[in-house]
Amino acid sequence: MRFWDGVSVSTQSVIQVKNLETTFFMKSGPFRAVNNISYEIGQGKTLGIVGESGCGKSVTSFSLMQLIERPGKITNGQVILNGKDLLKLSEDEMQTVRGGEMAMIFQEPMTALNPVLTIGYQIDEQILRHKKVSPQEAKERSIEMLKLVGIPSPEDRYSNYPHQLSGGMRQRAMIAMALSCNPSFLIADEPTTALDVTIQAQILELIQTIQEKLNMTVQFITHDLGVISEISDDVLVMYGGQACEKASTVEIFNNPKHPYTAALIKSRPTLGHRVQKLTTIEGTVPAPHELPKGCPFVNRCSRAKSECKDNRPPFIEVQPAHFVACFNPV
Amino acid sequence: MSNEIILDAKNVKKYFPIKKGLLLRHVGDVKAVDDVTLTVRKGESLGLVGESGCGKSTLGRTLIRLYDPTAGSIQFKGEDFVALKGEALRLKRKNIQMIFQDPYASLDPRMTIGQILRQPFEIHNILEPSQRDKKVVELLETVGLKASHINRYPHEFSGGQRQRICIARAIALEPELIICDEPVSALDVSIQAQILNLLKDLQKKFNLTYIFISHDLSVIEHFCDRVAVMYLGKIVEIGSRDELFKSPQHPYTQALLAAIPRIGEGKKKIKKSLTGEVPSPINPPSGCAFHPRCSQKIDICSKKLPQLAGSNGHQKACWLYESETP
Ligand SMILES: Nc1ncnc2c1ncn2[C@@H]1O[C@H](COP(=O)(O)OP(=O)(O)OP(=O)(O)O)[C@@H](O)[C@H]1O
Ligand SMILES: Nc1ncnc2c1ncn2[C@@H]1O[C@H](COP(=O)(O)OP(=O)(O)OP(=O)(O)O)[C@@H](O)[C@H]1O
Ligand SMILES: [Mg+2]
Ligand SMILES: [Mg+2]
């Protein structure tokens, strides 16, 4: 057994997150939306991040992009992308990284798209900022990207405004923009949650295909266990701002160690495996200011022991490449 | 489940007129529900699935007359439901309730939980005012909340708890039929399970009938006895849960089932089962509306509309099975 401090340096890792901590300084007092999270993702691999609403998935991603605004602040940790510590960069330097080496697909497409500018203009602008090309070349590239993400008649759509596209098409336009500068690292924050299963499958196939072509590294966030299961090499399970388990996808689903992971998997109806009653996790997620001192899951956990209340379980490797933060794992 | 038919809908249509220009000229219709025939049996859960915009919510709302149907007939317990007006409609509606997707938007933020739950009794003038609080406490306990919650406001509750309040309100007047419109879609997985179990328990306890709308097929498979699949305003396949999930027949149902991500098998190469976008309900494609996206289409599909047909309660509207029908 070895303690996980996240510092095991692997040369293949495109992104390494070490002891990341992001705090919101609210009037009611500070709270840590992301509390000492560490992980790394190897080149060309996909890390899936799952967890309930409010557990800190988006704040983790925004922290990596350094898009955290007041009253939030990254209060500790390192984010190392291709060997550079991003948290040491100036905002100017960070702007060349964002949308270039590292890009993000947002939960809500309109976070990324400006409603008063055409789709084409916005993609052009991004390409011109990061690549030394002429406006004509940028336009050609934009149209090529729109075509790649499966938008019909891309030449026409190029001059459309976001509101002229359907939800699914807007999502794809945003993906086209995120991928336009061949990022080596892509963060996808619930890119398909608002979409139907059939459109979802189209978008997942697209991300996978481009990932293979560019050997791109992906951090994929969702609360859909099915999607996570099909797209990820490894899965990180978060609860209350903390990492509670990380392992390969097959391992997480077939041999979950953290009581939360195990209960989460059981509470989801599974096609073809019908049960009379679904297993539930009683209670609700604690509000950020009511997080217990010890394990964040302690109040809902059926395996809790007295030490779980007061002490925070360390994130430990219990089997090769299988990490869990629990005093009484399954 | 009995054989008693509680709801009988025939050729129901709901069109939303599109008006343009200064004179608001009628330029066309959104054919949100286009000729749906369907029966619901007492005590069953009928699932309604299909892509976003295919008309699930509109059908649900039309069946309980939140919308007036553009055409068609609806019978509720043998009585013509479309003809009912005013007081008679209000009385009948008490028997039918609806639970919505967004538990945040469907509760008045200025009212306490007690006020929200007393309201149905006040509107219908049921129970002595002194009895109402007792009944409200009973309702809260039935849905797993506490009597002490009665003076709190909706914003003091989590999403799952709010959905419980909505459920308490829906069952207050002991309805027979409840339309659940994506009742768990906005909730976390661990909370979804709590709500689904609660709805099931209530069904047993009060012999409730559900029409359960969702686009989550795993939830539908878990929850429903029968399933209707909608595409662009029409039912394209309907059958018992087991039939439909084990041997889906309409190419659209097949594509829909194939697109569901499976849990626990590990990373795989994802293959889309359908291409193209859902067509517009303003100008639906000719013939079978699914034909432009169908991989198995034959000549007739773009020319003529197939009708629902089939035996043993498993019906599909598809030309591929045309020879089977007499
Ligand atoms: N700008 C902000 N100001 C204050 N608190 C915030 C802010 N953004 C996020 N939070 C809080 O930080 C916590 C983590 O939020 P986050 O958005 O990362 O959750 P999430 O895991 O992405 O959830 P979801 O699945 O709902 O998207 C939540 O408690 C949230 O309320
Ligand atoms: N009040 C309305 N006025 C005009 N058009 C409407 C109205 N309500 C719904 N529509 C249209 O009718 C069609 C069916 O909508 P409906 O909301 O019933 O779909 P749905 O299957 O419930 O979709 P979702 O899964 O997104 O909830 C859509 O094209 C929608 O835009
Ligand atoms: Mg989020
Ligand atoms: Mg709807």
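Quick note on labels: first sequence line is chain A, next is B, and so on, each numbered from 1.
Heavy-atom distances place both the backbone and the side chain of B:Leu256 under 4.5 Å from chain A. No part of B:Lys246 comes within reach of chain A, as not one of its non-hydrogen atoms sits under 4.5 angstrom from that chain. When heavy atoms are compared at a cutoff of 4.5 Å, B:Leu196 approaches chain A solely by way of its side chain, counted from C-beta outward. Contacts between A:Ser248 and chain B at a heavy-atom distance below 4.5 Å are absent for every atom of the residue. Heavy-atom distances place no part of A:Glu251 under 4.5 Å from chain B, backbone and side chain included.
Taking CG of A:Leu278 as the reference point, atom CZ of B:Phe223 lies at 10.0 Å (rounded to 0.5 Å). How far NZ of B:Lys272 is from CG of A:Leu206: 8.0 Å, rounded to the nearest 0.5 Å. Between the CG atom in A:Leu271 and the CD1 atom in B:Ile220 there is a gap of 11.0 Å [rounded to 0.5 Å].
If you tally non-hydrogen atom pairs under 4.5 Å between each of A:Gly51, A:Gly54, A:Gly272 and chain B, the highest count goes to A:Gly272. Ranked by heavy-atom pairs under 4.5 Å with chain A, the first of B:Leu257, B:Asp216, B:Leu217, B:Ile191 is B:Asp216. Taking B:Lys269, B:Lys200, B:Lys271 one by one and counting their heavy-atom pairs under 4.5 Å with chain A, the maximum is reached by B:Lys269.
Within residues 229-240 of chain A, the residues that have a heavy atom under 4.5 Å from a heavy atom of chain B are A:Ser229, A:Glu230, A:Ile231, A:Ser232, A:Asp233, listed by number.
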Derivation and outcome, side chain to side chain donor-acceptor pair (under 3.5 Å), residues A:Arg300 and B:Ser190: CA-CA 11 Å; A:Arg300 304 175 74 191; B:Ser190 78; 3.2 Å; yes

Decide yes or no on side chain to side chain contact (heavy atoms under 4.5 Å, CB included) for A:Val250 and B:Lys267, but give the supporting numbers first. CA-CA 8 Å; A:Val250 175; B:Lys267 186 173 178 175; over 6 Å; no

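Of all the heavy atoms in A:Thr279 and B:Ala193, the pair that sits closest is O-CB, 3.6 Å. For the pair A:Ala201 and B:Ile270, the tightest heavy-atom approach, listed with the atom from each and the gap, is O-CG2, 3.8 Å. When all heavy atoms are compared, the tightest approach of A:Thr198 to B:Arg293 is OG1-NH2, 4.1 Å. The nearest pair of heavy atoms linking B:Gln194 to A:Ile281 is NE2-O, 2.6 Å.
Listed for the B:Asn197 side chain is no donor-acceptor partner under 3.5 Å among the backbone atoms of A:Lys277. Here the side chain of B:Gln192 pairs no donor or acceptor atom with the backbone of A:Arg268 at under 3.5 angstrom. Between the side chain of B:Glu221 and the backbone N or O of A:Arg274 there is no donor-acceptor pair closer than 3.5 Å. In this structure, B:Asp188 contributes its side chain and A:Ser53 its backbone to a donor-acceptor pair below 3.5 Å.
More than 12 heavy atoms of other residues, nucleotides or ligands sit less than 6.0 Å from atom NZ of B:Lys297. Crowding of A:Glu290 atom CD: a count of heavy atoms from other residues, nucleotides or ligands under 6.0 Å exceeding 12.
Checked by atom type, the side-chain pair A:Gln202/B:Thr275 shows no donor-acceptor distance below 3.5 Å.
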